[in-house]
Amino acid sequence: MRKLIISALSFCFASACSFLDTRPVDFVDPGDYYKNSEQLETALLGVYSELAVNYLYGNDMLGRMGLDADLGYEHHSGDKTAVGYYDVSSSDAMVSNYWKAAYVGINRANMLLENIDGADAPAEVKSRIRGEALFLRGLYYFLLVPRFGDVPLVLSATHTAKPGEVQVARTPKKDVYLQIINDLEEAADLLPEAGQVSCGSRASKSAAWGLMARVCLNMAGYPVYEKGMYAKAREAAANVINSGHHSLNPSYSQVFINLIQDIYDIKECIFEVDFWGNDTGTYTDVAGMVGRNNGVFFNNSTYSEEVGISIGCLRSTRYFYELFEEGDTRRDWTIADFQYDDNGNVIEPSSVIWERCCGKFRRSYEIIKPRAKDKTPTNFPVLRYSDVLLMYAEAVACDPEDNDAGDIARAYEYMNQVRRRAFGFDILSESPVDVPDEGKYLIMDTLEDERARELGFELTRKDDLIRWGVFYPRMKEVQSMLPSSTATCILSAALYFGNVEAKDELWPVPSREIGTNASLEQNPGW
């Protein structure tokens, strides 16, 4: 399959001073660009590429920003006074750069959307590129709203630093969500079917529908409580399920081995962020840190060729470990059932669950040699089919207006398909691990934990807890489970959970942004 190679340098705009007669060589005037299909495609790669920068999926989000909530905590001494330990402030560099990166992606999407029509390119090419740009703009805004709440909604490209372009007030989160949904609906009409895209890192109809389901669930829950969005979430998830392009990979571990080895499985991984190579040769800016941050700890560079360096900053909580039932194959893959000695040999895991690492992204499965010290080729899953199945079940369970017996039966079936795969049973046949249909109001009793077991360490958990309205009490519940110990991991966990306050549902608006945009107001408590 054709791989989407994303480069942070592939396409960017810089502002030129208006009083200069000559243009700097690094400035691309929109009037000189967007002329043909090739230039549109290059611009589109620039919109995709921001997902992979260090401030987003390329580094910081991978176990270093507290997004794993009650399931895992950060153990990395360099971040102890930062967002990853819930010791966050409005001057936190990772929070500030996260905001900036998302808006860079938005601005690139806006620039492309404004210039597509004037290009000399086939109508079908322009239509598809418009769909991808709209999908990406929606995704970038969805990276912002759950983290910051109300954010400036900017739907036209910013070309200068003039006050009229950058002094933009925050838009109510409900309105931003509605715009995201509008973008995704239009994108779904324009994008190709999942079976027609070249790789899982290109947007498809299924990616747009699946992301729409996630957005609608967030909008339906706390704090927006737009209950009518449950039906829309169910409809969007059903579009993916009924498309005929998706099914669960029979092997849970193989899903992640495929991501590590750049094997595209569009049936399971509907949308992923692409990384490539070992940071050498031609492609020195397209590898990421998936597995380097959130892998099994190993830090002896002498043996890095065989094992792969990982700072192991994402560790499991005992709460997470105990959610798994006996025989669930996901537990020992997600929470590594091994560790390395100083020579890179596999040994028994720590008897202290809190010391165990995220095991989903194992560098030992990389096939590109030599293994780089600080970079990996592993892709990161943004949306998987199992998530869509569980979102359908949640939408039915939480919708006060949906008492349709067929919807309820499907909700149980889809949840049970995920469970059957986890225990090694045939996915489409009844099994001993099926949750019996006992009415819609009991679905969530299983589903809240099922989402943790299935999607743990995939950056969905904090959003889940917040929309269910249980984030703060759950974090304090897990804090109460900490053992009394001076072990370094336990001290990190104690800091992580001890620092959490109710206001941590949102991050503060970066002080840098407030300093340049007088129209912004700070979040409560910050």
Side-chain angles (χ1 to χ4, degrees), residues 1 3-4 6 48 51-52 56-63 65 67-68 71-72 135-136 139-140 142-143 194 197-204 206-215 237 240-241 245-276 286-295 314 329-330 333-336 358-363 365-366 376-391 417-418 421-422 450-464:
M1 297 183 185
K3 185 174 182 65
L4 171 63
I6 48 180
Y48 275 104
L51 290 172
L56 298 178
Y57 292 99
N59 180 351
D60 290 353
M61 291 174 68
L62 307 173
M65 301 191 82
L67 300 177
D68 301 285
L71 306 183
F135 168 82
L136 290 166
L139 176 55
Y140 283 119
F142 190 55
L143 290 177
V197 297
S198 58
C199 55
S201 51
R202 298 299 292 251
S204 64
S206 292
W209 286 326
L211 182 59
M212 192 188 309
R214 189 179 291 175
V215 172
V240 179
I241 296 166
H245 295 291
H246 304 285
S247 59
L248 295 176
N249 189 311
S251 168
Y252 185 73
S253 60
Q254 191 62 45
V255 173
F256 302 94
I257 295 171
N258 288 344
L259 289 163
I260 295 165
Q261 298 182 347
D262 285 299
I263 300 170
Y264 290 108
D265 177 12
I266 196 70
K267 292 182 177 181
E268 170 89 31
C269 284
I270 298 173
F271 187 73
E272 56 199 74
V273 178
D274 232 337
F275 299 99
W276 175 252
V286 294
M289 295 189 184
V290 183
R292 180 268 186 186
N293 284 6
N294 49 353
L314 182 54
T329 62
R330 296 171 297 188
W333 182 267
T334 302
I335 303 169
C358 168
K360 279 191 169 177
F361 308 103
R362 306 183 181 197
R363 296 207 61 188
Y365 282 89
E366 292 175 19
T376 81
T378 301
N379 292 356
F380 191 86
V382 176
L383 179 69
R384 293 197 290 114
Y385 183 56
S386 57
D387 189 2
V388 174
L389 294 173
L390 295 177
M391 286 193 290
Q417 287 182 17
V418 174
R421 192 251 306 263
E450 199 60 41
R451 284 190 63 82
R453 293 185 283 254
E454 177 67 23
L455 303 168
F457 302 149
E458 294 179 49
L459 306 182
T460 63
R461 186 60 172 179
K462 187 178 182 183
D463 290 354
D464 287 356

**Asked** Could you walk me through whether S206 and H245 pass the side-chain hydrogen bond (donor to acceptor under 3.5 Å, both in side chains) check?
**Response** CA-CA 9 Å; S206 292; H245 295 291; over 6 Å; no
**Fill in**
L56 and L51 have their tightest heavy-atom pair at CB-O, 3.5 Å
**All side chain to side chain donor-acceptor pair (under 3.5 Å) counterparts of S251, not counting sequence neighbours** = S253
**Asked** Does the pair V388 and L383 meet the rule for a side chain to side chain contact (heavy atoms under 4.5 Å, CB included), with working shown?
**Response** CA-CA 8 Å; V388 174; L383 179 69; 4.1 Å; yes
**Prompt:** So, D463 and R214, do they make that salt bridge, N to O below 4.0 Å?
**Reply:** no
**Message:** Regarding R330 and E450, does a basic nitrogen lie under 4.0 Å from an acidic carboxylate oxygen?
**Reply:** yes
**Message:** For Y140, give me all partners under ring-ring contact (aromatic ring centres under 6.0 Å, His included), at least two apart in sequence or on another chain.
**Reply:** none
**Asked** Is any side-chain heavy atom of F135 less than 4.5 Å from a side-chain heavy atom of L211?
**Response** yes
**Asked** Within the side chain of N293, is there an N or O that forms a donor-acceptor pair under 3.5 Å with the backbone of N59?
**Response** yes
**Prompt:** Got a donor-acceptor contact below 3.5 angstrom from the T329 side chain to the A422 backbone?
**Reply:** yes
**Asked** Closest approach of G210 and V240, non-hydrogen atoms and distance?
**Response** N-CG2, 3.7 Å
**Request:** Any chance you could lay out the side chain to side chain contact (heavy atoms under 4.5 Å, CB included) test for D387 and E458, step after step, and finish with the verdict?
**Result:** CA-CA 11 Å; D387 189 2; E458 294 179 49; over 6 Å; no
**Message:** Could you report the tightest heavy-atom contact between A336 and R362, atom names first, then the distance?
**Reply:** CA-NH2, 4.2 Å
**Prompt:** Are any of the side-chain heavy atoms of N258 and N249 separated by less than 4.5 Å?
**Reply:** yes
**Request:** Kindly give the heavy-atom pair with the smallest separation between F256 and K360, and that separation in Å.
**Result:** CB-O, 3.3 Å
**Request:** Mind running side-chain hydrogen bond (donor to acceptor under 3.5 Å, both in side chains) on Y385 and D265 for me, showing each step along the way?
**Result:** CA-CA 10 Å; Y385 183 56; D265 177 12; over 6 Å; no
**Prompt:** Any side-chain heavy atom of F361 within less than 4.5 Å of one from P381?
**Reply:** yes
**Item:** Minimum heavy-atom distance E454-R384, with the two atoms named
**Value:** O-NH2, 2.9 Å
**Message:** Testing the basics here: between R363 and T376, what is the closest heavy-atom pair and its distance to 0.1 Å?
**Reply:** NE-CG2, 3.5 Å
